[in-house]
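What follows is one structure encoded as structure tokens, with my remarks underneath.
What's counted below: heavy atoms across the whole structure, side chains too, no hydrogens, waters or symmetry copies. One is the number of the first residue; the rest follow in order along the sequence.
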Amino acid sequence: MGPDSMFMVLMMSSFTQIDLLKSSLQELSEKINRKETHIGKSLKHIINRHQEHLKYLQTIEAVYRIFYFVSFVSFGANLVLSLYAVVKLSWYQGLAFMFFISYEFLFSCFTGTLLAIKSEQLQRAIYDVPWHKMSVVNQKKIRLLLEASQKPLSLTLIFYRIDMPTFLKMYKTIYSIFTMLLTVRGD
């Protein structure tokens, strides 16, 4: 429970960072439309905050990658065995285990998907800046910022991204292993 709670807090901080970047980009757009002259300083501030955000996500990824890989493998095995026990041994208390394991998978994968959605929103906010009204130097900076945002970081399980498609793949795999176990043990 502790690592999951910490992960949730870290991800909420990441989402807040993205929202603040979007807000700063809206303020930048307003400054550009008012034809203010100190746009370069605001743009530099936004670029620095975006770089800090990327470093923050890299740190989260490095810390949680192996933790989630081990968790997902062990929870997946536990889920297969719980399913087997519920079906073959009528161990209905196992339904509670299955519910909590499913919640763990769903929570983690939904958080990864939410990060991807927020990253896309940030890309759109960068694209919506009226860059054509900026100086050539600032246009190049906003272009670099847009390129950097188009390669967003995602949370992974070493091999797979943590997102809803992975959630579905995991459940398909768990179901396949479960049916194979039923078939083998049925003989």
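- The distance from atom CZ of Phe105 to atom CE of Met170, rounded to the nearest 0.5 Å, is 3.5 Å.
- In terms of modelled atom types and a separation under 3.5 Å, the side chain of Ser24 and the main chain of Ile46 share no donor-acceptor contact.
- Judged purely by atom type and a 3.5 angstrom limit, Gln123 uses its side chain to pair as donor or acceptor with the backbone of Ser149.
- By the 4.5 Å heavy-atom criterion applied to side chains, Asp128 and Gln26 are not counted as neighbours.
- A donor-acceptor pair under 3.5 Å is absent between the side-chain atoms of Thr166 and the main chain of Ile162, judged by distance alone.
- Taking Glu27 as the reference, nothing meets the salt bridge (Lys or Arg N to Asp or Glu O under 4.0 Å) condition, with sequence neighbours excluded.
- A donor-acceptor pair under 3.5 Å is formed between the side chain of Thr113 and the backbone N or O of Cys109.
- Taking NZ of Lys88 as the reference point, atom CG of Leu81 lies at 14.5 Å (rounded to 0.5 Å).
- The distance from atom CG of Leu54 to atom CD of Gln51, rounded to the nearest 0.5 Å, is 7.5 Å.
- Summarising the local packing, CZ of Arg49 is surrounded by more than 12 heavy atoms from other residues, nucleotides or ligands at distances under 6.0 Å.
- Between Arg143 and Glu147, at least one side-chain nitrogen of the basic residue sits less than 4.0 Å from a carboxylate oxygen of the acidic one, meeting the salt-bridge criterion.
- Ring centroids of Tyr171 and Phe167 are separated by less than 6.0 Å, placing the two rings close together.
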Would you give me the side-chain donor-acceptor pairs under 3.5 Å for residues 8-19, sequence neighbours excluded?
residue : atom : partner : partner atom : Å
Ser13   : OG   : Tyr56   : OH           : 3.4
Thr16   : OG1  : Met12   : O            : 2.8
Gln17   : OE1  : His53   : ND1          : 2.7
Asp19   : OD1  : Lys118  : NZ           : 2.9
Asp19   : OD2  : Lys118  : NZ           : 3.2

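- Side chains of Glu52 and Lys55 form no contact here, defined as non-hydrogen atoms less than 4.5 Å apart.
- Shown are Ile142, Ile39, Asn138; of these, the side-chain contact (heavy atoms from CB on, under 4.5 Å) with Val129 is made only by Ile142.
- In this structure, Met164 and Leu106 approach most closely via the heavy-atom pair CE-CD1, 3.5 Å.
- For the atom pair Ile60 CD1 and Leu115 CG, the distance stands at 8.5 Å (nearest 0.5 Å).
- The two residues Leu182 and Val87 come nearest to each other via the heavy atoms CD2-CG1, 4.3 Å.
- There is a side-chain donor-acceptor pair under 3.5 Å between Ser82 and Asn78.
- Annotation: Phe110, atom CZ; neighbour count of heavy atoms from other residues, nucleotides and ligands within 6.0 Å does not exceed 12.
- No more than 12 heavy-atom neighbours from other residues, nucleotides or ligands sit within 6.0 angstrom of OH on Tyr127.
- Side chains of Arg161 and Thr156: no donor on one and acceptor on the other come within 3.5 Å.
- With contacts defined as side-chain heavy-atom distances shorter than 4.5 Å, the pair Leu153/Glu61 does not qualify.
- By the neighbour-count criterion of 12 heavy atoms within 6.0 Å, atom CD1 of Ile66 is sparsely surrounded, having that number or fewer from other residues, nucleotides or ligands.
- Aromatic ring centroids of Phe7 and Tyr68 lie under 6.0 Å apart.
- Interatomic distance, CD1 of Ile32 versus NZ of Lys133, reported as 8.5 Å (0.5 Å rounding).
- Trp91 and Tyr84 have their aromatic ring centers separated by at least 6.0 angstrom.
- Distance CG/Leu83 to OG1/Thr179: 10.5 Å, rounded to 0.5 Å.
- Ser74 places a side-chain N or O within 3.5 Å of a backbone atom of Ser71 that can act as its donor or acceptor partner.
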